Enquirer: 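Once you've had a glance at the structure underneath, I'll fire off some questions.
A note on names: the letters A, B, ... follow the listed sequences, proteins ahead of strands, and every chain is numbered from 1. Source: prediction; values computed, not measured.
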2 protein chains.
Amino acid sequence: MHSVAGGVALWRQIADAIRLDIVGGKLANGDRLPTEALLAQRFSANRHTVRRALAVLAEEGVVVAEQGRGTFVRSIRRLSYPIGKRTRFREGLKGQAASLTSVSISDRIENATARVAVALGLKPGAKVVRTEGMSVADGVPISRSTTWLSYRRFPDFASRINQMGSTTLVFGSYGITDYSRASTRISARHADVEEIQSLTLAPGAIVLVSEAVDVDPEGEAISYALSRFPAERMELVV
Amino acid sequence: MHSVAGGVALWRQIADAIRLDIVGGKLANGDRLPTEALLAQRFSANRHTVRRALAVLAEEGVVVAEQGRGTFVRSIRRLSYPIGKRTRFREGLKGQAASLTSVSISDRIENATARVAVALGLKPGAKVVRTEGMSVADGVPISRSTTWLSYRRFPDFASRINQMGSTTLVFGSYGITDYSRASTRISARHADVEEIQSLTLAPGAIVLVSEAVDVDPEGEAISYALSRFPAERMELVV
DNA sequence: CATAGTTGTCTAGTTTATTAGACAAATCGA
DNA sequence: TCGATTTGTCTAATAAACTAGACAACTATG
């Protein structure tokens with residue numbers, strides 16, 4: 001009779017709550033968590049259920065249990081991605097991670113859906129380049145993105161991004177020395193199967209979804225990107 | 001063997017996925033959903049499991065089933081809350097809802113935590129006013145927020161917000177004719193128990209969390225607000 | 001009005017989630 | 001070293017989730 005639950009297992013709710021205490025700053029790095037008995041009391045759950053939650057967190061590397069001593073916070077941090085008029089992914093994360101690599105997973109030419117066409121100011125069905133990519137900071141996947149661009153204007157965007165790695169550089173190679181963010185829509189949802197795999201998330205994890213349109217200095221839309229960030233690893237700062 | 005699941009029941013994942021198709025625009029207002037048999041196939045689930053997901057969506061008012069005919073999208077829309085330098089909650093939602101009411105739930109004086117103190121530029125432990133509030137658009141709860149302000153500067157903020165209803169008005173009554181947004185941090189997580197109740201969410205629902213600091217024209221921080229928006233009803237636009 | 005297609009209901013069986021209790025193993029301090 | 005505290009492991013019972021199959025009820029169409 002966990003009137004609260006409903007399709008989400010108690011152990012997962014508990015794991016989420018504890019993780020939140022950690023990323024939210026209530027529990028600092030080497031802190032000892034409350035004992036399993038206390039946690040069980042706090043969540044009105046059985047100790048075994050709490051143990052399952054802790055096991056998940058241990059597997060994620062968020063906590064470490066030591067028999068006889070207790071369970072300890074192991075470290076976790078969230079990267080902050082600043083969003084503004086001049087949003088640059090790599091620059092924005094500079095200094096927050098030792099390594100930051102972006103890889104292009106796949107690309108193809110397709111016809112613009114209504115949504116993509118509106119965003120890019122094209123006719124529905126117009127040819128667009130679609131590239132799938134992801135970024136990894138210090139070995140941890142932090143974003144998974146899908147980008148659409150006009151095929152007419154950027155016919156070989158895909159091959160260039162493969163070589164150069166950075167969107168800013170590729171735009172430069174097309175003569176666009178500067179560009180800016182026209183709009184960003186932010187929403188959130190559960191990660192889907194593909195995202196759970198590619199971002200190495202626990203099933204049921206939450207992703208922040210940003211839907212961004214970049215424009216050149218003339219105000220012409222040049223790219224429409226749909227990026228997914230694991231909410232437990234990233235936050236967006238406006 | 002739903003190797004994908006993990007703490008989140010299949011019926012809930014299916015309900016979430018279908019709801020996403022609807023709010024995401026893949027399914028329009030009066031559209032007929034695929035048959036239960038097809039959905040079962042698509043999600044590799046039993047028809048009964050799909051039926052449970054549809055039952056949830058029907059209870060939410062998102063779909064309506066009609067025996068012999070099919071199941072239909074009933075309507076759903078997401079409000080867009082624009083965030084910028086001059087962010088005003090009520091103005092931002094103008095035109096998107098027929099009615100918009102904000103209520104103050106409770107308030108109290110407390111000592112600033114480290115986080116609150118930093119945000120407001122106060123000494124840790126300084127006296128702050130804390131108010132809990134929520135907003136309802138067309139009868140549907142769309143936000144639940146906690147706001148902290150310096151007690152020294154706004155000693156009876158609480159009673160004024162109760163009378164006036166709008167933050168902008170209360171600031172005006174303190175002689176602050178204009179104010180602007182210094183920063184907004186956006187993250188996402190599962191709704192907690194209190195939020196599920198106050199926002200009338202389904203258990204396991206996702207909330208967008210915005211952490212905002214407003215400043216007066218002199219650049220002095222005047223308020224620190226932590227707002228939670230149901231991700232299924234709201235999106236944030238930068 | 002017969003038929004194909006769709007949602008609604010019922011029974012039954014398996015797997016997963018949760019609770020419950022007992023005890024072992026490790027740690028720490030008196 | 002003893003005893004209290006804490007995590008680790010095992011068994012067992014109940015509730016919720018999921019699958020399976022069959023058939024009823026309703027709708028639209030030719």
Enquirer: When the nearest nucleotide of DNA chain C is assigned to Gly68(A) and to Gly68(B) on a heavy-atom basis, which residue is associated with the more 5' position?
Expert: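 The answer here is Gly68(B).
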Enquirer: Enter the inter-axis angle for the ends of the helix from dC1(C)-dG30(D) to dA30(C)-dT1(D) (five pairs per end, rounded to 10°).
Expert: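 Axis-to-axis angle, ends of the helix: 30°.
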Enquirer: Start with the C-alpha gap between Ser135(A) and Ser102(A), add the side-chain angles, then the distance that decides, and say whether side chain to side chain donor-acceptor pair (under 3.5 Å) holds.
Expert: CA-CA 4 Å; Ser135(A) 297; Ser102(A) 298; 2.9 Å; yes
Enquirer: Any donor and acceptor pair, going by atom type alone, linking the side chain of Arg130(A) with main-chain N or O of Ile109(A) inside 3.5 Å?
Expert: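 Not confirmed, Arg130(A) side chain does not pair with Ile109(A) backbone.
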Enquirer: Between Thr71(B) and dT7(C), does any side-chain N or O lie under 4.0 Å from OP1 or OP2?
Expert: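 It does, given that an N or O in the side chain of Thr71(B) lies less than 4.0 Å from OP1 or OP2 of dT7(C).
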Enquirer: Step through the shown structure and confirm whether more than 12 heavy atoms of other residues, nucleotides or ligands are within 6.0 Å of CD on Gln41(B).
Expert: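 For Gln41(B), atom CD is not crowded (no more than 12 foreign heavy atoms under 6.0 Å).
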Enquirer: Say you draw a straight line from CZ of Arg78(B) to CD1 of Ile142(B); how long is it, rounded to the nearest 0.5 Å?
Expert: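 So the CZ of Arg78(B) and the CD1 of Ile142(B) are separated by 13.5 Å.
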Enquirer: Under 4.0 Å from OP1 or OP2 of dT6(C): is there any side-chain N or O of Arg47(B) that close?
Expert: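 For Arg47(B), the contact criterion (side-chain N or O under 4.0 Å from OP1 or OP2 of dT6(C)) is not met.
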Enquirer: For Arg115(A), is there an ion pair with Glu211(A) - N to carboxylate O distance below 4.0 angstrom?
Expert: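 Arg115(A) and Glu211(A): salt-bridged.
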Enquirer: If you measure only the distance, is there a donor-acceptor pair under 3.5 Å linking the side chains of Arg185(B) and Ser80(A)?
Expert: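 A pair is found: one side chain offers a donor N or O, the other an acceptor, under 3.5 Å apart.
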Enquirer: Please check the phosphate of dT7(D) (OP1 and OP2 only) for any side-chain N or O of Arg69(A) closer than 4.0 Å.
Expert: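 No, outside the criterion.
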Enquirer: Does Arg52(B) reach a base, just sugar-phosphate, or nothing at all? Heavy atoms under 4.0 Å.
Expert: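 Sugar-phosphate, backbone atoms only, no base.
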Enquirer: When you measure from the side chain of Glu36(B), which nucleotide among dT18(C), dT7(C), dC18(D) comes out closest?
Expert: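 When the side chain of Glu36(B) is considered, dT7(C) is the closest of dT18(C), dT7(C), dC18(D).
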Enquirer: Between dG8(C) and His48(B), counting only base atoms on the nucleotide and side-chain atoms on the residue, is there a donor-acceptor pair under 3.5 Å?
Expert: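 Answer is no: no donor-acceptor pair is held.
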Enquirer: Arg32(B) side chain: which of dT6(C), dT7(C), dA26(C) is closest?
Expert: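 The nucleotide sitting nearest to the side chain is dT6(C).
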Enquirer: Which of these nucleotides, dT7(D), dT19(D), dT9(C), is closest to any side-chain atom of Ala65(A)?
Expert: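 Selected nucleotide: dT7(D).
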Enquirer: So what does Thr49(B) hit on the nucleic acid, given a heavy-atom distance under 4.0 Å: a base, only sugar-phosphate, or nothing?
Expert: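 Base contact.
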Enquirer: Of all the choices, dG8(D), dA20(C), dT7(C), which nucleotide is nearest to the side chain of Asn46(A) once you look at every atom?
Expert: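 Within the option list, the nearest is dA20(C).
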Enquirer: Could you check whether Ala45(A) gets within reach of a base, just the sugar-phosphate, or nothing at all, counting any heavy atom under 4.0 Å?
Expert: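 Answer is sugar-phosphate: Ala45(A) comes under 4.0 Å of backbone atoms only.
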Enquirer: Could you give the CH2-to-P distance, from Trp11(A) to dT19(C), as a whole number of Å?
Expert: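 Whole-Å distance recorded here is 14 Å.
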Enquirer: Just do the side chain to side chain donor-acceptor pair (under 3.5 Å) check on Thr146(A) and Glu132(A) with the steps written out, would you?
Expert: CA-CA 5 Å; Thr146(A) 307; Glu132(A) 303 284 346; 2.8 Å; yes
